[in-house]
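The structure appears right after this line, and notes come after that.
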Amino acid sequence: MTPDDERFDAKTTVLIETVGHHVQEEETDWFPKVRDALGRKELQEIGARMRDVRATAPHRPEHPGSLRAADALLG
Ligand SMILES: [Zn+2]
């Protein structure tokens, strides 16, 4: 879809609302639980791994390598 598509504004509005809701949920619900469950050291190690894989992660989500990068991060 391109920005001149008649559904673009509606789709974009829904996307913005959905992402906003997701972020809200993470910050108020999930992150505090993760912070409570994991120690500071483990969180720092996860952060370091994420920084490492960022270098090789694809920049376009539709790239076939996306799933492999996600596997590498989660595995
Ligand atoms: Zn998220």
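As the structure is a prediction and not an experimental result, all values here were calculated from the model. Position 1 is the first residue of the sequence, and the numbers go up from there.
Within the structure, ring-ring contact (aromatic ring centres under 6.0 Å, His included) contacts touching residues 23-52 (residues at least two apart or in different chains) are His22-Trp30.
Residues that satisfy the side chain to side chain donor-acceptor pair (under 3.5 Å) test with Glu42, not counting sequence neighbours, are absent from this structure. Scanning for side chain to side chain donor-acceptor pair (under 3.5 Å) contacts around Glu45 gives Lys41, with sequence neighbours left out. Scanning for side chain to side chain donor-acceptor pair (under 3.5 Å) contacts around Asp4 gives Thr2, with sequence neighbours left out.
Arg49 CZ to Arg54 CZ: the interatomic distance, rounded to the nearest 0.5 Å, is 14.5 Å. Between atom OG1 of residue Thr28 and atom NZ of residue Lys33 there is a gap of 9.0 Å, rounded to the nearest 0.5 Å.
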Below 3.5 Å, can you tabulate the donor-acceptor pairs from side chains in residues 7-20 to any protein atom, sequence neighbours excluded?
unit_1 : atom_1 : unit_2 : atom_2 : d
Arg7   : NE     : Asp5   : OD1    : 3.2
Arg7   : NH2    : Asp5   : OD2    : 3.2
Thr12  : OG1    : Phe8   : O      : 2.7
Thr13  : OG1    : Asp9   : O      : 2.8
Thr18  : OG1    : Val14  : O      : 2.7

